[in-house]
J.: 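Could you have a look at this structure, given as structure tokens, before my questions?
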Amino acid sequence: MTYEILIDGKKSKLELQLIEQGFRCVLDGREVPVDAQIVAPDILSLVIGENGRRSFEVTRERMNDETFVWVGNARYAVEVRDPRARRTAAASAGDAAGPKKLKAPMPGKVVKVMVAVGQEVEAGQGVIVIEAMKMQNELKSPKQGVVTKITAVEGTNVNSGDVLVVVE
Amino acid sequence: MTYEILIDGKKSKLELQLIEQGFRCVLDGREVPVDAQIVAPDILSLVIGENGRRSFEVTRERMNDETFVWVGNARYAVEVRDPRARRTAAASAGDAAGPKKLKAPMPGKVVKVMVAVGQEVEAGQGVIVIEAMKMQNELKSPKQGVVTKITAVEGTNVNSGDVLVVVE
Amino acid sequence: MKPLFRKILIANRGEIAVRVMRACRELGIASVAVYSEVDRKALHVRKADEAYPIGPAAASESYLRADKILDVAKRAGADAIHPGYGFLSENAEFARQCAAAGVKFIGPTAEAMEKMGSKTRARQHMKAAGVPFVPGTDRGLASIAEAKEVASRVGYPVMLKAAAGGGGKGMRLVHGEADLESALLGAQSEAQRSFGDGEVYIEKAIVNPRHIEVQVFADEHGNTVYLGERECSIQRRHQKVVEECPSPIVDADMRRRMGETAVRVAQAAGYTNAGTVEFLVDQEKNFYFLEMNTRLQVEHPVTELVTGLDLVHLQIQVAAGEPLPFRQEEVSLRGHAIECRIYAEDPDNNYFPSPGKIEMEMVPEGPGIRRDSGVYAGWTVPIEYDPLLAKLIGYGETREQARVRLLRALDEYTIGGIKTNLSLFRRILRDADFCAGKLDTGFLDRMMAGEAGAALKPDADIAAIAAGLFTVLDGVPKQANSVVRVEESTWKRAARADGLR
Amino acid sequence: MKPLFRKILIANRGEIAVRVMRACRELGIASVAVYSEVDRKALHVRKADEAYPIGPAAASESYLRADKILDVAKRAGADAIHPGYGFLSENAEFARQCAAAGVKFIGPTAEAMEKMGSKTRARQHMKAAGVPFVPGTDRGLASIAEAKEVASRVGYPVMLKAAAGGGGKGMRLVHGEADLESALLGAQSEAQRSFGDGEVYIEKAIVNPRHIEVQVFADEHGNTVYLGERECSIQRRHQKVVEECPSPIVDADMRRRMGETAVRVAQAAGYTNAGTVEFLVDQEKNFYFLEMNTRLQVEHPVTELVTGLDLVHLQIQVAAGEPLPFRQEEVSLRGHAIECRIYAEDPDNNYFPSPGKIEMEMVPEGPGIRRDSGVYAGWTVPIEYDPLLAKLIGYGETREQARVRLLRALDEYTIGGIKTNLSLFRRILRDADFCAGKLDTGFLDRMMAGEAGAALKPDADIAAIAAGLFTVLDGVPKQANSVVRVEESTWKRAARADGLR
């Protein structure tokens with residue numbers, strides 16, 4: 001099985017082949033001896049190497065529709081593309097040309113909508129203000145374009161990951 | 001919905017009726033105001049009463065095929081009989097007349113099988129010795145009768161809940 | 001033994017409510033929680049013996065509603081109320097209402113709170129008690145000549161401040177006499193424009209002060225003691241982030257002088273129960289009274305670890321009328337403790353609050369580590385309140401040992417689903433100035449402005465391998481039976497699952 | 001600063017391996033785990049920087065295999081080995097092999113271990129150092145006349161013991177001279193039958209002794225100190241269950257006398273690093289040397305909490321050749337600590353071991369509570385090793401505060417899936433004799449023989465309601481999306497689920 005894996009946006013090729021005692025693991029053409037065990041849901045214990053068998057605890061975190069893994073104190077954004085699902089993955093990868101959704105990065109209350117449908121906005125221009133825990137946060141347009149949809153309503157609560165505005 | 005509930009073997013009748021703000025709860029004919037929330041898998045936060053709203057944290061524990069609930073420090077064996085599944089429940093409730101399975105109460109190694117198939121045994125007679133953590137434990141026959149099956153093999157490991165011997 | 005109280009209502013939420021409930025449980029006292037609509041599943045409700053709803057999420061409709069809280073106290077039969085910190089804890093009117101309702105308020109009297117509540121009134125009481133203030137004038141300057149005279153007496157740099165002021169309006173920092181006249185004119189006209197009052201006074205400017213506070217405790221029999229100091233100079237937006245006890249710069253003599261001053265402050269106000277006297281400390285280690293906090297502080301655990309005392313037990317005992325069980329000379333500091341305030345905030349977005357559901361929590365334990373938490377995995381941190389999730393406190397024989405133990409504990413600590421400031425502490429605790437104890441209120445802004453040192457991410461390869469393995473193993477069916485055979489490995493199950501494809 | 005060691009191999013498993021790894025992390029030293037086949041997922045493997053398999057589950061094939069462990073040390077480049085307790089920790093031959101391999105053994109020298117390893121050899125060394133033993137004779141009694149003379153000199157009751165003995169054979173407890181002659185003849189003939197050697201000697205019988213031990217520490221520069229005592233009288237099947245520091249009966253003078261004796265014991269053996277000298281204490285508070293444990297004890301945390309020291313840090317520092325960083329007169333005890341050993345054993349089945357999978361774990365935290373654990377929810381406790389899961393330690397200003405904090409923590413502690421002895425501690429800590437500090441090695445058997453007080457189960461109604469609610473709520477489908485709307489209650493989901501039926 002071969003996967004295309006993006007770690008913080010950087011692409012790697014990972015081959016995993018089931019063998020008697022676990023997996024044969026080849027990362028970007030380099031064979032890596034791996035001993036892996038799931039010790040709890042979303043927690044993987046890895047021992048890597050033959051001599052100098054380094055022990056790692058890797059934790060998977062899902063937030064909205066993103067996935068991260070923690071290795072020690074460092075958090076990596078990950079995306080795994082299964083070759084069998086490659087077309088779907090490629091199709092869903094947005095690019096700058098299409099419409100972009102501005103999502104709420106945390107739950108909060110919409111205190112101000114600063115744009116109107118049809119309005120032109122610059123990339124980085126403030127479009128929505130959300131308040132949480134008594135602090136206000138101005139959310140910025142993800143790209144230059146025209147506001148095609150506003151779902152946020154002033155005075156209402158939103159959840160993390162809710163779409164607030166679409167810019168096209 | 002009405003349930004027959006056994007707590008440490010003592011039977012109660014519990015009616016739970018879904019209402020606007022939760023459940024209407026009647027235990028053995030007595031209405032009990034209940035505010036219940038699942039706070040984590042198998043952990044229930046209960047607030048009971050109107051004035052003097054007592055707060056309880058109740059944890060469910062499943063061990064082999066038994067279920068227990070912890071209320072504070074006390075552990076109660078529970079059995080819930082759903083009226084709709086009553087026939088099944090009644091059928092599966094073993095009685096002294098049928099065959100009885102002797103199960104391993106903990107994982108361990110079978111160090112001795114003290115009976116043979118066809119042998120008559122008394123209730124409480126030692127039939128199997130299991131060793132765990134360097135201590136030996138003699139398991140006793142659950143009833144008087146004849147050994148009809150022995151699945152335990154000396155020198156092998158067993159898991160908690162494995163059937164070792166059947167007495168009929 | 002007669003119990004101190006029968007039942008205590010805790011008029012608070014989060015970690016401090018849990019901490020007070022633990023003390024109640026230890027002392028054999030029943031605890032009563034109150035909660036707003038979004039807090040039904042909060043940890044403090046789970047830990048309480050009784051729990052009562054008090055209204056909508058907004059604190060003004062629930063945790064700040066003295067009437068509702070006193071009504072619950074009555075219904076539940078509570079004979080005392082612990083206010084925690086924040087909310088109603090420094091509200092003299094609430095303390096007065098408790099007294100009127102015959103419910104003991106665990107804290108100072110309304111009168112003592114009022115003496116300390118207003119800064120100008122506090123200043124008058126404190127002057128009478130001989131407490132040091134930042135040198136300067138209390139009233140407006142009559143002339144530039146007077147300004148020059150005062151400035152040269154207290155020494156430059158000086159700060160000009162509008163008497164009616166606030167928010168930085170009418171303020172000027174002046175480094176030498178050459179700049180004084182124009183600064184004074186500017187400040188006066190700005191004050192006039194902003195407040196309709198051109199009165200301006202002078203204070204010595206304390207450059208990069210330390211913020212050091214002294215814990216005091218007074219019983220209802222006239223005994224007042226000090227329990228060492230806390231260094232609280234690491235602040236962001238005037239919010240403390242890391243606190244420690246003792247301060248790296250306070251020696252036994254300075255501790256005694258600060259402590260005795262703090263006791264005079266408390267006595268001048270007729271203070272009872274736990275309180276904290278805050279000081280500014282300049283680079284020559286002169287200390288100046290800032291204000292008194294008339295409640296238990298968030299950072300009280302560092303004092304507990306270093307003095308070996310339980311301040312909440314003491315609060316309850318003293319409120320029940322017991323005398324302090326020790327005298328000043330029996331108080332001793334041993335070792336060092338450092339506290340990190342774990343907030344729900346996003347380190348990658350200017351530490352903006354990040355409420356939401358905690359999907360995962362791996363918590364540190366072991367030697368020298370204490371954690372006071374108000375949350376749990378599965379809990380949704382509401383958007384309405386303070387973002388404090390938990391306090392992580394490290395203790396050691398020495399400051400260095402406390403530091404490395406905390407770093408070790410931070411390594412064991414993961415919170416998933418929401419963003420937290422855990423990474424900030426890893427950076428602070430490794431900072432060279434922090435290690436050297438070179439702290440002042442500008443420390444954190446300086447550190448943040450410095451090289452971030454680009455978050456170390458040495459294990460991208462491991463992350464890639466793990467990501468792939470997680471994906472493969474997701475395809476392995478979970479066993480229906482929770483009992484897993486010792487001999488049966490994940491691999492065999494994976495192999496079977498693979499065979500089925 | 002030069003690191004003490006570069007990499008330490010921990011030749012152990014469970015909580016002690018984790019505890020040592022934490023110290024390594026704190027001191028900037030890499031840690032190496034070794035593990036048997038059933039321990040791949042053990043907590044100590046998860047916490048280590050490196051991990052190596054050393055063979056089958058049986059300890060004799062893995063954790064007791066000096067050759068395999070030294071081979072790993074070589075492969076991993078470890079420059080020191082920490083043996084923990086048990087396994088190879090008191091194996092002089094292993095210490096010698098480490099030295100030969102150029103790997104520092106963190107503990108005493110092989111020579112010191114050997115001096116202490118044999119009871120008779122230890123006795124000779126200790127006699128020379130003037131250490132008190134239980135009074136009596138060392139050699140066989142020549143006649144009944146001699147027996148009478150010795151017995152009346154040491155005082156009744158006395159114990160007759162076979163010189164070649166063990167296992168209770170040839171032993172007789174004698175309460176007065178009238179019974180002495182027949183008892184001696186009986187003991188001699190039983191000894192002759194059992195061991196082919198009729199030699200019998202007399203010792204004063206210590207009735208209901210306390211078991212009190214002294215922590216000693218020696219560096220490699222001739223400095224030896226004592227770090228207070230631990231009361232370990234609460235035992236079951238000669239296994240300690242609860243320990244505390246200080247002992248309720250040891251005052252400053254007795255502590256000094258016991259401590260100085262313990263230091264003489266250590267010095268007589270040329271001892272280095274951490275060690276423990278065990279004493280029997282009779283009802284008149286006379287103490288008698290029992291044996292020396294040449295390793296870190298399970299119960300070391302109570303000493304750490306009361307002295308404020310980290311004994312594992314000290315072990316590593318001393319092994320690296322550093323001098324002790326303090327002198328005897330700088331050691332002070334403050335407060336009180338009590339430890340509970342949480343075992344996987346079934347309280348309803350004579351405390352028989354109960355290994356298996358831990359399905360759930362709710363752990364205590366907060367003021368005064370430390371937990372050193374070697375397990376986690378999801379871990380399968382193997383059948384091959386000691387049943388110790390974790391140690392729960394409570395600290396307080398006073399013994400009473402430590403006690404109530406521990407009881408509070410026990411209230412917060414639930415382990416599901418396997419049986420544990422948590423309920424035993426709830427009973428011990430509420431026992432009247434325990435509260436009064438009236439402890440001796442017969443305490444636990446007496447308590448267990450007494451009224452069990454029928455486990456309190458006041459909340460059967462609550463259990464019934466909860467059981468029903470769990471069943472109903474099981475029918476509610478889990479949300480596919482883990483983000484739950486704040487406004488959306490369990491009830492609404494339940495209502496929808498119900499509507500679908």
Side-chain angles (χ1 to χ4, degrees), chain B residues 1 3 5-8 10 12 14-16 18-23 25 27-28 30 32 34 36-38 41-44 46 48 54 56-63 67-76 78-80 82 105-109 131-137 157 159-160, chain D residues 57 237 343-346 349-357 359-360 362 380-388 410-419 422-423 426 455-474 476 478 489-491 494-495 497-499:
Chain B
M1 191 95 77
Y3 294 94
I5 297 190
L6 277 84
I7 299 294
D8 290 338
K10 193 177 153 288
S12 296
L14 179 71
E15 294 170 58
L16 291 173
L18 209 50
I19 55 172
E20 182 61 26
Q21 285 303 312
F23 284 100
C25 165
L27 181 68
D28 292 332
R30 184 170 47 91
V32 183
V34 167
Q37 297 284 336
I38 293 281
D42 290 322
I43 304 179
L44 189 62
L46 287 182
I48 304 276
R54 296 204 297 154
F56 294 93
E57 179 121 320
V58 185
T59 307
R60 176 166 58 175
E61 179 184 7
R62 292 193 184 92
M63 247 184 121
T67 301
F68 302 87
V69 298
W70 291 83
V71 184
N73 293 329
R75 184 169 180 262
Y76 301 85
V78 306
E79 201 179 319
V80 178
D82 187 326
M106 78 281 293
K109 187 178 183 174
E131 181 179 296
M133 291 166 164
K134 301 190 174 73
M135 283 186 66
Q136 300 199 341
N137 192 19
N157 287 348
N159 271 291
S160 188
Chain D
R237 300 190 199 115
Y343 288 117
E345 51 186 27
D346 183 357
N349 183 13
N350 198 25
Y351 291 92
F352 191 80
S354 170
K357 187 171 181 194
E359 298 287 349
M360 170 194 53
M362 294 171 67
T380 299
V381 181
I383 64 174
E384 286 83 1
Y385 313 110
D386 185 269
L388 184 66
L410 286 164
D411 274 354
E412 298 182 5
Y413 205 169
T414 308
I415 298 173
I418 59 171
K419 306 290 185 68
L422 280 169
S423 60
R426 298 188 183 114
L456 277 173
K457 293 194 163 188
D459 298 317
D461 284 4
I462 305 296
I465 292 169
L469 287 167
F470 271 123
T471 306
V472 172
L473 296 171
D474 281 344
V476 179
K478 294 265 193 319
S489 75
T490 308
W491 304 121
D498 210 53

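Note that these values count all heavy atoms, side chains included, but never hydrogens, waters or copies made by symmetry. Order of the sequence lines sets the chain letters (A, B, ...), proteins ahead of strands, with each chain counted from 1. No experiment lies behind these values; they were computed from the predicted model shown.
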J.: So which part of B:Arg75 gets closer than 4.5 Å to some heavy atom of chain D, the side chain, the backbone, both or neither?
T.: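 Backbone plus side chain of B:Arg75, per the 4.5 Å heavy-atom cut-off to chain D.
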
J.: Examine whether an atom of B:Met63 lies under 4.5 Å from a heavy atom of chain D, and if so say whether it belongs to the side chain, the backbone or both; otherwise answer neither.
T.: side chain

J.: Given a strict heavy-atom distance threshold of 4.5 Å, which part of D:Asp386 is in contact with chain B: side chain, backbone, both, or neither?
T.: backbone

J.: For the candidates D:Ala466, D:Pro353, D:Gly416, D:Ala344, which exhibits the highest count of non-hydrogen atom pairs separated by less than 4.5 Å from chain B?
T.: D:Pro353

J.: Taking C-beta and beyond as the side chain, do D:Thr471 and B:Ile5 meet within less than 4.5 Å on heavy atoms?
T.: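 The answer is no, as the side chains (C-beta and beyond) never meet within the 4.5 Å cut-off.
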
J.: Please classify the contact between D:Tyr385 and chain B as side chain, backbone, both or neither, with a heavy-atom cut-off of under 4.5 Å.
T.: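 Interface part for D:Tyr385: backbone (N, CA, C, O).
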
J.: List the atom of D:Pro387, the atom of B:Met133, and the distance in Å for their closest heavy-atom pair.
T.: CB-SD, 3.3 Å

J.: Nearest 0.5 Å please: distance from the CD1 atom of D:Ile418 over to the CE atom of B:Met106.
T.: 11.0 Å

J.: If I measure from the heavy atoms of chain B, does D:Asp346 come under 4.5 Å with its side chain, its backbone, both, or neither?
T.: neither

J.: Please classify the contact of D:Leu388 with chain B as side chain, backbone, both or neither, using a heavy-atom distance under 4.5 Å.
T.: neither

J.: With only heavy atoms counted, which part of B:Val58 is less than 4.5 Å from chain D, the side chain, the backbone, both or neither?
T.: both

J.: Under a 4.5 Å cutoff for heavy-atom pairs, which residue among B:Met135, B:Glu57, B:Arg54, B:Arg60 has the most contacts with chain D?
T.: B:Arg60

J.: Would you mind reporting whether D:Asp461 and B:Arg30 have side-chain heavy atoms less than 4.5 Å apart?
T.: yes

J.: Is there side-chain contact between B:Phe68 and B:Thr59, with at least one heavy-atom pair below 4.5 Å?
T.: no

J.: Is chain D contacted by the side chain of B:Leu44, its backbone, both, or neither, given a heavy-atom distance below 4.5 Å?
T.: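 Both backbone and side chain of B:Leu44 come within 4.5 Å of chain D.
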
J.: Identify which of B:Ile48, B:Asp42, B:Thr67 forms the greatest number of heavy-atom pairs closer than 4.5 Å to chain D.
T.: B:Asp42

J.: Name the member of D:Ala463, D:Ser354, D:Ser423 that forms the most heavy-atom pairs with chain B at distances under 4.5 Å.
T.: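 Maximum pair count with chain B is reached by D:Ala463.
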
J.: Write down the atom of B:Tyr3, the atom of D:Val472, and the distance for their closest heavy-atom approach.
T.: OH-CG2, 3.3 Å

J.: Which heavy-atom pair separates D:Gly468 from B:Leu14 by the least distance, and what is that distance?
T.: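 Distance-wise, the nearest heavy atoms are CA-CD2, 3.6 Å.
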
J.: State which residues pass salt bridge (Lys or Arg N to Asp or Glu O under 4.0 Å) with D:Asp411; sequence neighbours excluded, sorted by chain then number.
T.: C:Arg25

J.: So for B:Gln136, is it side chain, backbone, both, or neither that comes closer than 4.5 Å to the heavy atoms of chain D?
T.: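 For B:Gln136, the contact with chain D is made by the backbone alone.
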
J.: Counting only heavy atoms closer than 4.5 Å, note whether D:Leu422 contacts chain B via side chain, backbone, both or neither.
T.: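 For D:Leu422, there is no contact with chain B at all, as no heavy atom is under 4.5 Å.
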
J.: So for B:Ile43, is it side chain, backbone, both, or neither that comes closer than 4.5 Å to the heavy atoms of chain D?
T.: both

J.: If you count heavy-atom pairs under 4.5 Å between each of D:Met362, D:Glu384, D:Glu412, D:Glu345 and chain B, which one has the most?
T.: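 Heavy-atom pairs under 4.5 Å are most numerous for D:Met362.
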
J.: Mind checking salt bridge (Lys or Arg N to Asp or Glu O under 4.0 Å) for B:Asp28 and listing every partner two or more places apart, or none if nothing turns up?
T.: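 Testing B:Asp28 for salt bridge (Lys or Arg N to Asp or Glu O under 4.0 Å), a comparison that skips the adjacent residues, returns none.
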
J.: Quick check: closest heavy atoms across D:Ala464 and B:Leu27, and the distance to 0.1 Å?
T.: CB-CD1, 4.1 Å

J.: Just give me the residue among B:Val78, B:Leu16, B:Leu6, B:Val32 that pairs up with chain D most often, heavy atom to heavy atom, under 4.5 Å.
T.: B:Leu16

J.: Looking only at non-hydrogen atoms, find the nearest pair between D:Pro355 and D:Pro382 and report the distance.
T.: CB-O, 3.7 Å

